[in-house]
Amino acid sequence: MTETGETKQAKAGEKPGPGKYICVDCGREIRLGKVDEDLVRCPTCACETYNCFPITHIRPDIKTPEDVANPPERKSYKK
């Protein structure tokens, strides 16, 4: 996975982890639900590059695909 400015990108054949991936050429959305799932070429235009919108934005302590498979234990908050 590479970063361009603030947008992360992934290429076909990589395993970028669960999330939403948008083709940079035609805008088709691909969703991955598993850590070990390969990103495929775009079924619409055969492009190999996607902008990444990983699921990891939900929890700031999840930063890698491995964290998604084995999330860190949440801290308990006492009131």
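Position 1 is the first residue of the sequence; numbering continues from there. It should be emphasised that the depicted structure is a prediction, and the values quoted were computed from it without experimental measurement.
If you run side-chain contact (heavy atoms from CB on, under 4.5 Å) between Tyr21 and each of Asn51, Leu32, Val40, only Leu32 comes through.
Residue Glu14 holds its CD atom at 9.0 Å from OG1 of Thr49, rounded to the nearest 0.5 Å. Rounding to the nearest 0.5 Å places CZ of Arg31 at 11.0 Å from CZ of Phe53. Note: Cys52 SG to Ile30 CD1 = 12.5 Å, rounded to the nearest 0.5 Å.
No side-chain heavy atom of Tyr50 sits less than 4.5 Å from a side-chain heavy atom of Pro16. The side-chain heavy atoms of Lys20 and Ile22, taken from C-beta on, include a pair separated by under 4.5 Å. Side chains of Val24 and Cys47 form a contact here, defined as non-hydrogen atoms less than 4.5 Å apart.
Contact check on Lys11 versus Glu48 returns no salt bridge, with no Lys/Arg side-chain nitrogen under 4.0 Å from an Asp/Glu carboxylate oxygen. Electrostatic pairing of Asp38 and Lys15 counts as a salt bridge here, judged by a charged N lying under 4.0 Å from a carboxylate O.
Residues Arg28 and Pro43 come closest through the heavy atom pair NH1-CB, 3.4 Å.
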